[in-house]
There are 2 protein chains.
Amino acid sequence: MSTLKSKILVVATDLFQTRGINSTGVDTIVAVAGTTKMTLYKYFTSKENLILEVLKKGHEDFQSWLSEKLNTNAKKPSEKLLKLFEFIEEWVTSPNFRGMGFIKASAEFPNEESPVHQLSSEQSREFKQYICSLATEANIKDAEGLALQLSLLFEGAVQAEQMKRGSGAMKYAKKASKILIDGALAD
Amino acid sequence: MSTLKSKILVVATDLFQTRGINSTGVDTIVAVAGTTKMTLYKYFTSKENLILEVLKKGHEDFQSWLSEKLNTNAKKPSEKLLKLFEFIEEWVTSPNFRGMGFIKASAEFPNEESPVHQLSSEQSREFKQYICSLATEANIKDAEGLALQLSLLFEGAVQAEQMKRGSGAMKYAKKASKILIDGALAD
DNA sequence: ACGTATATATACAGGTCTGTATATATATTT
DNA sequence: AAATATATATACAGACCTGTATATATACGT
């Protein structure tokens with residue numbers, strides 16, 4: 001991938017997070033990225049296309065980092081579940097955490113026909129599905145239910161962290177997740 | 001309050017929720033409300049002022065409904081805590097639920113200097129504080145921690161419900177809250 | 001050195017948005 | 001009936017936005 005395209009993606013991710021998606025114009029993006037609109041529209045067919053690519057990259061980066069961390073640091077499925085929020089916390093509190101795009105995007109694009117909303121919605125579902133697969137492997141009875149609960153905790157904590165960095169929300173989400181997982185394992 | 005002002009508030013609440021705040025123009029609001037811009041700008045000094053009043057009304061309506069419900073239907077403090085999500089679920093699944101404004105607003109106005117962001121942030125804090133007061137009365141040891149956890153669940157579930165109505169997220173949030181509260185009461 | 005691909009600089013068309021100005025209509029009060 | 005407050009209708013200025021058009025510069029392969 002061209003370095004310019006990559007630079008635009010990084011800058012857009014940053015600005016979308018700190019100023020909002022709709023409030024960030026392409027002129028601002030190219031100015032910060034140190035390039036021009038012509039170049040942006042060479043790599044992205046439209047602003048919507050740029051938004052979609054920002055979302056895709058953010059989700060892929062997070063998902064692959066997380067599953068790689070879990071696979072190398074935990075063996076038993078139940079261990080993976082229990083360590084889930086530990087790594088999520090590590091990701092979220094890292095200095096180059098740029099927010100979870102799909103949470104903001106689904107708020108800014110509530111219309112269900114919008115491609116941005118659809119992608120956000122799908123990413124949220126995918127993440128929940130990933131947790132559900134971990135829960136299923138760990139022989140949790142109501143794997144779907146636990147996955148939903150953990151994803152609610154996750155999304156709530158990310159939102160709190162986006163609202164105020166360093167709020168420590170994820171630390172308490174981690175504690176809550178341990179209680180919920182232990183309870184589900186005992187069922 | 002004038003019926004027109006009230007009508008504008010209701011319509012704006014609705015449109016902000018279903019189309020987003022920044023994506024909803026005042027022209028659309030007055031058209032749906034059946035009035036004109038001149039009237040809107042008589043009752044509200046600016047669009048930002050309208051947004052702030054929409055947020056205030058939404059939060060007041062919810063908070064007063066919730067505390068009244070809890071005060072009449074539960075006596076012991078621990079009972080209030082345990083019934084909290086039952087009433088929240090009733091509110092959220094009611095047909096005229098119009099979303100929790102401050103959750104969407106904080107996503108659309110991430111800039112901490114924005115008055116809209118500041119009010120959203122304050123409302124989130126107030127809600128958490130209310131839960132904390134319930135937990136304190138119920139003699140929970142780490143009342144702050146439990147309050148934070150429950151508010152994370154709440155915000156995550158509202159977000160999920162806003163993303164897809166009828167997702168049943170609040171039902172599972174309620175179950176999770178019971179587990180967390182029971183655990184905290186036993187400490 | 002020459003041609004080609006890539007990036008820049010800049011201007012602008014067409015649209016949307018907020019907030020105001022101007023003129024008119026409808027109620028209500030006296 | 002006259003006067004006053006309230007609401008409508010409509011137009012518009014000024015700002016912003018997306019996406020494109022045009023012309024120029026820079027690098028690179030051959």
Side-chain angles (χ1 to χ4, degrees), chain A residues 1-55 101 104-105 107-111 113-117 119, chain B residues 1-56 101 104-105 107-111 113-119:
Chain A
M1 178 159 56
S2 146
T3 67
L4 265 177
K5 179 172 184 180
S6 166
K7 176 79 181 172
I8 291 172
L9 276 174
V10 169
V11 167
T13 303
D14 228 30
L15 292 176
F16 287 165
Q17 189 58 43
T18 55
R19 307 188 184 186
I21 300 172
N22 283 316
S23 306
T24 302
V26 291
D27 294 276
T28 308
I29 294 170
V30 297
V32 175
T35 181
T36 64
K37 264 205 289 197
M38 290 312 299
T39 303
L40 187 148
Y41 280 104
K42 191 195 166 190
Y43 292 117
F44 306 96
T45 61
S46 63
K47 186 183 175 183
E48 183 176 83
N49 176 248
L50 170 61
I51 299 169
L52 293 173
E53 293 226 21
V54 165
L55 286 179
K104 191 176 285 285
E108 286 206 51
F109 297 81
N111 186 341
E113 287 158 42
S114 153
V116 176
H117 181 92
L119 180 58
Chain B
M1 179 159 55
S2 146
T3 66
L4 265 177
K5 179 171 184 180
S6 165
K7 175 80 182 172
I8 291 172
L9 276 174
V10 169
V11 167
T13 303
D14 228 30
L15 292 176
F16 287 165
Q17 190 57 44
T18 54
R19 305 188 185 186
I21 299 172
N22 283 316
S23 306
T24 301
V26 291
D27 294 276
T28 308
I29 294 170
V30 297
V32 174
T35 180
T36 64
K37 265 206 286 197
M38 291 313 298
T39 303
L40 187 149
Y41 280 105
K42 191 195 166 189
Y43 291 117
F44 306 95
T45 61
S46 63
K47 186 184 175 183
E48 182 176 82
N49 176 250
L50 170 61
I51 298 169
L52 292 173
E53 293 227 22
V54 164
L55 286 179
K56 278 181 204 159
K104 190 175 286 282
E108 286 206 51
F109 297 81
N111 186 341
E113 287 158 43
S114 153
V116 176
H117 181 92
Q118 286 172 6
L119 180 57

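All chains are named by letter (A, B, ...) in the order of the sequence lines, taking the proteins before the strands, and each is independently numbered beginning at 1.
- In this structure, NZ of Lys37(A) is placed 13 Å from P of dC12(C), rounded to the nearest angstrom.
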Please write out the pairs of protein N or O atoms and N or O atoms of nucleotides 3-7 of chain C separated by less than 3.5 Å, giving the distance to one decimal.
residue: dA7(C); atom: OP1; partner: Tyr43(A); partner atom: OH; Å: 3.0
residue: dA7(C); atom: OP2; partner: Lys42(A); partner atom: NZ; Å: 3.1
residue: dA7(C); atom: OP2; partner: Tyr43(A); partner atom: OH; Å: 3.2

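- Shown here for Thr24(A) and Lys47(A), the closest heavy-atom pair between the two residues is O-NZ, 2.8 Å.
- The heavy-atom pair separating Leu52(B) from Pro115(B) by the smallest distance is CD2-O, 3.8 Å.
- If you measure from atom NZ of Lys47(A) to atom C1' of dT16(C), you get 13 Å, rounded to the nearest angstrom.
- Residue Tyr41(A) holds its OH atom at 10.0 Å from CG of Asn49(A), rounded to the nearest 0.5 Å.
- For the residue pair Glu48(A) and Val116(A), the shortest heavy atom distance occurs at CG-CG2, 4.1 Å.
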Compile the donor-acceptor pairs under 3.5 Å between side chains in residues 3-16 of chain A and protein atoms, sequence neighbours left out, one pair per line.
residue: Thr13(A); atom: OG1; partner: Leu9(A); partner atom: O; Å: 2.7
residue: Asp14(A); atom: OD1; partner: Arg98(A); partner atom: NE; Å: 2.9

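- Remark: Thr24(A), Gly25(A), Val26(A), Asp27(A) in residues 6-31 of chain A come within less than 4.0 Å of DNA chain D through at least one heavy atom.
- At whole-Å resolution of the value, CG in Leu40(A) and P in dT20(D) are 12 Å apart.
- When all heavy atoms of Ile21(B) and Glu108(B) are compared, the pair lying nearest together is N-OE2, 2.7 Å.
- Atom P of nucleotide dC12(D) and atom CE of Met38(B) are separated by 16 Å, given to the nearest angstrom.
- Of all non-hydrogen atoms in Ala107(B) and Ala107(A), the two that sit nearest each other are CB-CB, 3.7 Å.
- Rounding to the nearest 0.5 Å places NZ of Lys104(B) at 12.0 Å from CG of Leu55(B).
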